[in-house]
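Note that the coordinates shown come from a computational prediction; the quantities given were computed from them, not determined experimentally. Residue numbers start at 1 and run along the sequence shown.
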Amino acid sequence: MPTLNRHDSVFVLRFAEPDDPADAPDNAFSPEFLDSLDAALAEVEASEGPAALVTTGAGKFYSNGLDLSVVASDPAGLPAYVSRAQRLFARVLRLELPTVAAVNGHAFGAGAMLALSHDHRVMRADRGFWNLPEAQLGMPFPPGMNSLITTRLTPGVASTAMLTSRRYPASDAIEAGIVHEAAEADAVLDRAVAVAAEMAPLRGANYAGIRAGLVDAALSHLDAPITQL
């Protein structure tokens with residue numbers, strides 16, 4: 001389960017912290033995982049003073065996105081489940097503090113969208129893909145997810161990523177504007193923390209308001225409950 005720690009002005013939210021990175025989970029969005037993220041974000045929101053948030057996984061995955069076991073076990077509950085994932089993206093986009101994704105490994109589907117919800121994205125240089133597999137899996141992009149992707153990415157990149165399920169390694173993701181920079185595996189988190197520390201003094205309603213202006217269209221769609229998929 002995720003853990004939250006604060007290092008001076010930077011909160012680090014680790015989706016998993018195994019003793020052996022080889023044992024790290026894929027950080028799929030199980031209900032329990034989402035509960036833990038909500039609790040961690042509430043703690044961040046309740047804090048005071050200059051601050052920024054870094055999120056990261058461990059081992060092979062940043063996040064594998066929607067939990068397919070939940071999808072398969074409760075088809076009738078799928079709209080509510082996806083709506084909850086969309087509310088997570090909206091909550092990250094509304095935080096009154098800068099956010100940095102330390103993409104340590106694969107970011108697939110909703111995990112890739114969670115990374116897009118951050119203000120700055122640092123990706124592991126040597127391994128891992130950012131990928132939207134929905135077209136290959138026969139899954140739609142509901143309006144909120146569609147709007148998030150098309151707000152954060154250029155039209156050409158969004159179209160290619162969504163229609164072809166292209167896998168982007170770090171070098172291609174930087175060229176496409178999906179992530180801002182890359183770092184070696186053992187430096188991804190340190191680099192993300194350094195960026196977050198520089199941005200921490202910007203925390204406040206003004207920062208959140210500027211971001212909201214940039215993603216206003218996406219927020220309105222992310223907030224709307226999904227009734228059918």
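The hydrophobic clustering, which links ILVMFWY residues whose side-chain heavy atoms are closer than 4.5 Å, places Leu95 and Leu4 together. Residues Leu93 and Val103 fall within the same hydrophobic cluster, defined by Ile, Leu, Val, Met, Phe, Trp and Tyr side chains chained together at heavy-atom separations under 4.5 Å. No chain of hydrophobic side-chain contacts below 4.5 Å, direct or via other Ile, Leu, Val, Met, Phe, Trp or Tyr residues, connects Leu202 to Leu214. Linking Ile, Leu, Val, Met, Phe, Trp and Tyr whenever their side-chain heavy atoms come within less than 4.5 Å leaves Phe11 and Met199 in two separate clusters. Val44 and Val193 end up in different hydrophobic clusters when Ile, Leu, Val, Met, Phe, Trp and Tyr side chains are linked at under 4.5 Å.
Remark: Ser117 pairs with no residue by the side-chain hydrogen bond (donor to acceptor under 3.5 Å, both in side chains) rule, at least two apart or across chains. Residues that satisfy the side-chain hydrogen bond (donor to acceptor under 3.5 Å, both in side chains) test with Arg124, not counting sequence neighbours, are Asp126. By the salt bridge (Lys or Arg N to Asp or Glu O under 4.0 Å) test, Glu198 pairs with no residue at all, sequence neighbours left out. In this structure His120 satisfies the side-chain hydrogen bond (donor to acceptor under 3.5 Å, both in side chains) test together with Glu181, sequence neighbours excluded. Partners of Arg84 according to the side-chain hydrogen bond (donor to acceptor under 3.5 Å, both in side chains) rule, which considers only residues two or more places apart in sequence or in another chain, are Asp35, Asp38.
Side-chain contact check for Leu53 versus Val12: every heavy-atom pair is 4.5 Å or farther apart. By the 4.5 Å heavy-atom criterion applied to side chains, Leu116 and Leu153 are counted as neighbours. At a threshold of 4.5 Å between non-hydrogen side-chain atoms, the residues Val100 and Val10 do not count as touching. Annotation: side chain of Met113 is in contact with side chain of Leu132 (closest heavy-atom distance under 4.5 Å). Side-chain contact check for Glu45 versus Arg91: some heavy-atom pair is nearer than 4.5 Å. No side-chain heavy atom of Pro155 sits less than 4.5 Å from a side-chain heavy atom of Thr150. Using a 4.5 Å cut-off on side-chain heavy atoms (C-beta onward), Val82 and Pro142 make contact. In this structure, the side chains of Leu189 and Val54 come closer than 4.5 Å at one or more pairs of heavy atoms.
Nearest heavy-atom pair across Tyr62 and Gly111 is CE2-O, 3.6 Å. Across every non-hydrogen atom of Glu134 and Pro140, the tightest pair is CG-O, 4.3 Å. Here the closest heavy-atom approach between residue Tyr81 and residue Leu34 is recorded as CE1-CD1, 4.2 Å. Here the shortest heavy-atom pairing between Arg152 and His118 reads NH2-O, 3.2 Å. Minimum interatomic distance between Ser9 and Pro50 (heavy atoms only, all atoms of both residues): CB-O, 3.6 Å. For the residue pair Arg167 and Asn131, the shortest heavy atom distance occurs at CG-ND2, 3.6 Å.
Rounding to the nearest 0.5 Å gives a distance of 4.0 Å between CD1 of Ile226 and CD of Gln86. Atom CG in Asp67 sits 6.0 Å away from atom OG in Ser30 (nearest 0.5 Å). The line from CG of Asn5 to CG of Leu13 is 9.5 Å long, rounded to the nearest 0.5 Å. One distance of note links CG of Leu219 with CG of Leu148; it measures 9.0 Å at 0.5 Å rounding. For the atom pair Met123 CE and Asn104 CG, the distance stands at 10.0 Å (nearest 0.5 Å). Taken from CG in Asn64 to CZ in Phe15, the straight-line distance is 12.5 Å, to the nearest 0.5 Å.
No more than 12 heavy atoms of other residues, nucleotides or ligands shown are found within 6.0 angstrom of CZ on Arg127.
With Arg87 contributing its side chain and Phe89 its backbone, the two residues share no donor-acceptor pair below 3.5 Å. Between the side chain of Ser147 and the main chain of His221, no donor-acceptor pair closer than 3.5 Å is present. Side-chain atoms of Arg211 come within 3.5 Å of backbone atoms of Leu97 as a donor-acceptor pair (strictly under, hydrogens ignored). Panel note: side chain Arg14, backbone Gly57; no donor-acceptor pair is recorded below 3.5 Å. Checking side-chain atoms of Trp130 against main-chain N and O of Ala112 turns up a donor-acceptor pair under 3.5 Å. With hydrogens and angles ignored, the 3.5 Å screen pairs no side-chain donor or acceptor of Ser63 with any backbone N or O of Ala107.
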Discussion item. Could you go through Thr55 and Thr99, starting from their C-alpha distance and side-chain angles, then the distance that decides it, and tell me whether this counts as side-chain contact (heavy atoms from CB on, under 4.5 Å)?
Written reply: CA-CA 8 Å; Thr55 66; Thr99 56; over 6 Å; no

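Judged by the 6.0 Å distance and 45° axis criteria, Arg166 is positioned over the aromatic ring of Tyr168.
Residues Phe61, Phe129 make up the rest of the hydrophobic cluster containing Phe108, defined by ILVMFWY side-chain heavy atoms closer than 4.5 Å, directly or through other members.
Under 3.5 Å, the side chains of Ser47 and Arg203 contain a donor-acceptor pair of N or O atoms. There is a side-chain donor-acceptor pair under 3.5 Å between Tyr207 and Asp119.
Salt bridge annotation for Asp223-Arg94: present, with a cationic side-chain nitrogen under 4.0 angstrom from a carboxylate oxygen.
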